Structure formats: C-alpha cells, structure tokens
Amino acid sequence: MTALGFLYPGHSAEDDYPRIEQLLGSDVRVDLVHTEIGEDAHRADALLEMGAADRLAAGLQELRLTGADAVVWACTSGSFVRGWEGAQEQVRALARTAGMPASSTSFAFVHAAREIGARRVAVGATYPDDVAALFVEFLAAGGVEVTGVTSAGIVTAAEVGTWGEAELFALARAADRPDAQALLLPDTALHTAAHLPALEKELGKPVLTANQVTVWEGLRLADRRVNAPSLGALFTREPIVQA
C-alpha cells in the first residue's frame, strides 16, 4: 500500500481526490487534510497568507496520523505566488516539518509537463490576469514556455468550485493554442477528474489539471507509477506499475 498525503485549502473540489483514488485502481490510498484558507481571494497577499508555514504545519499534525509516504501542498496559486525560489523554500519547510518527501501543485505542473515532453503549453486559468501571469512566470522558471494564456478572472475558489462540465470545456477551448503541446488548467478548486479523457479527445492533446498532477506528483515522490488511462495521458507514461 502506498499512502499519499495532501494538504488542501478550504473546500471546493476536494471530491476529485476520492474519485482519482478510485480511478487509479491500485494499492494507492489518498489521504486529504483541509487547511485553513483564510480570506478566499485570488489575490497575492491572500494567497501568500493561505500558504503560510504555520497553516501548513497545522494540517500536518493530522496528516502524520495517516502514515503517508509523501505529502503535497495541493494548491497551485498558494505556491507559485511565492516565485520559484519562494515555492522551493515552502516545500523544503514542509518536508522538514513533515519528515517525508514534499512538493506542491506548482512544481507538479512543471514535472508533469516534462514527463509528457511538453515544452510549449497553453494555460487556461480561472484566476484574474495578474495572478495568471505569476503562474506563467513560474512555468518559465521551470523551463516551460507558455504560448498563450486565457484568464476567467474569478476571484474566489468557492466560485470556481461551482463550475461544471460546460464551464470547464468552454475555458479549455478558449485557452488552447495550435502551437501548444499540452493544455494546463491550474486550479485545485476546479473539478476536472471526471473529464480528463473527454478533454483530451476534444483538444487532441494532453491536458494537465491541478488535482490530476497533484496526485501524480505524490506518486512520483513515493517512486510509484500507475497506469490509469482514465486520468489522461500523464498516467500512461512508461515505465508503469500495473494495478
């Protein structure tokens, strides 16, 4: 059994995680602990506070009891808002406090893009323009070129969590670019786990979404590979561990 721990801010699309656990169809357990979100706002100051070390440490107290093999801060904006170096320090502090390998969703996107060989990507962000621009800068620091970005301008995670299939697909279509090798949808408040194969079929290319890459990153930290085509092209890369 591989146990993966995730610190998830507030309550928006956390039901993606048990769905992903089921779709993995393997000896993988997904444990989710909610952290205090503070002010629900896609705004730099609020995002910095949401990912503060004391908030993450408080969540780890509960997560340690699960026997997790690795932990991922399941928040994109609450990590990339700190920039590349700041996000690295956030992860290092998390690993020290947790006593286990640690990462965040922002790094998960960079690692996942490398995994599928996508050097040029398009971004469909639910965030306001200024926050989406910070994600583009983060990807560039990780060697991933963004060929185009579309922002929905949504301020709160709570509103993003109400989006359904129609809104998700509309954002994906609007954001895709012909020269992009993959599309990235960077918000863990966005429900995507049920729609990955359909999104990839619609666009004809890999789609990386926040909750999907977050779980994949946890598996990477635990040195596991699971073949799960229902979770998109990212989960079909060799070498794989069959269920």
Side-chain angles (χ1 to χ4, degrees), residues 4 6 8-9 12-24 30 32 42 72-80 103-118 120-127 131-132 135-136 138-139 142 144 146 148-152 154 157 159-177 180-220 226 228-237:
L4 306 177
F6 301 95
Y8 186 93
S12 293
E14 64 268 29
D15 47 329
D16 263 8
Y17 288 83
R19 180 184 289 272
I20 291 173
E21 181 183 69
Q22 183 179 30
L23 292 174
L24 285 172
V30 172
L32 197 73
H42 289 140
V72 183
W73 167 224
C75 184
T76 326
S77 56
S79 45
F80 70 68
S103 188
S104 67
T105 304
S106 292
F107 288 116
F109 271 110
V110 172
H111 297 153
R114 292 174 184 169
E115 175 76 5
I116 63 173
R120 299 183 309 280
V121 305
V123 171
T126 55
Y127 320 125
V131 176
F135 183 54
V136 173
F138 187 92
L139 292 173
V144 181
V146 175
V149 57
T150 297
S151 301
I154 297 178
E159 182 179 350
V160 175
T162 68
W163 272 26
E165 182 178 8
E167 294 89 348
L168 170 65
F169 274 74
L171 176 63
R173 294 187 195 103
D176 189 28
R177 299 291 188 276
Q181 297 168 304
L183 173 68
L184 276 55
L185 300 173
D187 195 340
T188 57
L190 185 63
H191 290 91
T192 61
H195 308 293
L196 288 160
L199 280 168
E200 293 189 335
K201 182 178 180 181
E202 171 86 12
L203 301 180
K205 65 185 61 174
V207 175
L208 301 178
T209 72
N211 293 325
Q212 169 215 36
V213 302
T214 298
V215 175
W216 178 86
E217 181 78 344
L219 289 166
R220 187 189 70 82
V226 179
S230 56
L231 289 172
L234 177 62
F235 280 83
T236 61
R237 307 296 292 180

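The basis for the numbers below is simple: all heavy atoms, side chains too, and nothing from hydrogens, waters or symmetry mates. Bear in mind that the values here come from a model prediction, so they are computed numbers and not experimental data.
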**Item:** side-chain contact (heavy atoms from CB on, under 4.5 Å) against Ala228, all qualifying residues, sequence neighbours excluded
**Value:** Leu24, Leu231, Phe235
**Item:** Min side-chain heavy-atom separation Trp163-Leu171 under 4.5 Å
**Value:** yes
**Request:** May I ask you to decide if Phe169's main-chain N or O and Glu202's side chain share a donor-acceptor pair within less than 3.5 Å?
**Result:** no
**Prompt:** Is a side-chain N or O of Arg177 found less than 3.5 angstrom from the main chain of Ala175, in a donor-acceptor match?
**Reply:** yes
**Prompt:** Are side-chain heavy atoms of Val72 and Leu4 found at a separation under 4.5 Å?
**Reply:** no
**Asked** Considering all heavy atoms of both residues, which atom of Cys75 and which atom of Gly78 are nearest to each other, and what is their separation?
**Response** SG-N, 3.2 Å
**Prompt:** With side chains defined as the heavy atoms from C-beta onward, is the minimum distance between Leu190 and Thr209 less than 4.5 Å?
**Reply:** no
**Prompt:** Mind checking whether Leu196 and Leu23 have side chains closer than 4.5 Å, heavy atoms only?
**Reply:** no
**Asked** Is there side-chain contact between Leu199 and Leu183, with at least one heavy-atom pair below 4.5 Å?
**Response** no
**Asked** Is a side-chain N or O of Gln212 found less than 3.5 angstrom from the main chain of Ala210, in a donor-acceptor match?
**Response** no
**Item:** Check: Pro206 main-chain N/O paired with Glu200 side-chain donor or acceptor under 3.5 Å
**Value:** no
**Message:** Does the plane of the ring in Phe6 sit parallel, tilted or perpendicular to the ring in Tyr17? Use 30° and 60° as the thresholds.
**Reply:** tilted
**Message:** I'd like to know if the side chain of Thr188 and the backbone of Ala74 have a donor-acceptor N/O pair within less than 3.5 Å.
**Reply:** yes
**Side chain proximity check, Thr192 to Val207, heavy atoms < 4.5 angstrom** = no
**Prompt:** Can you name the nearest heavy-atom pair linking Ala112 to Val213, along with the distance?
**Reply:** CB-CG1, 3.9 Å
**Message:** Using modelled atom types and a 3.5 Å cut-off, is there a donor and acceptor pairing between side-chain atoms of Ser106 and backbone atoms of Thr76?
**Reply:** yes
**Request:** Report the residue from Leu139, Val123, Leu184 that forms a side chain to side chain contact (heavy atoms under 4.5 Å, CB included) with Val149.
**Result:** Val123
**Message:** Would you say that His42 contacts Asp187 through its side chain, given a criterion of any heavy-atom pair below 4.5 Å between the two side chains?
**Reply:** yes
**Fill in**
From the list Phe80, Trp216, Phe138, ring-ring contact (aromatic ring centres under 6.0 Å, His included) with Phe107 holds only for Phe138
**Asked** Ignoring hydrogens and geometry, is there a side-chain-to-backbone donor-acceptor pair from Thr105 to Trp73 under 3.5 Å?
**Response** yes
**Asked** Has the side chain of Asn211 got a donor or acceptor atom that lies under 3.5 Å from a matching backbone atom of His191?
**Response** no
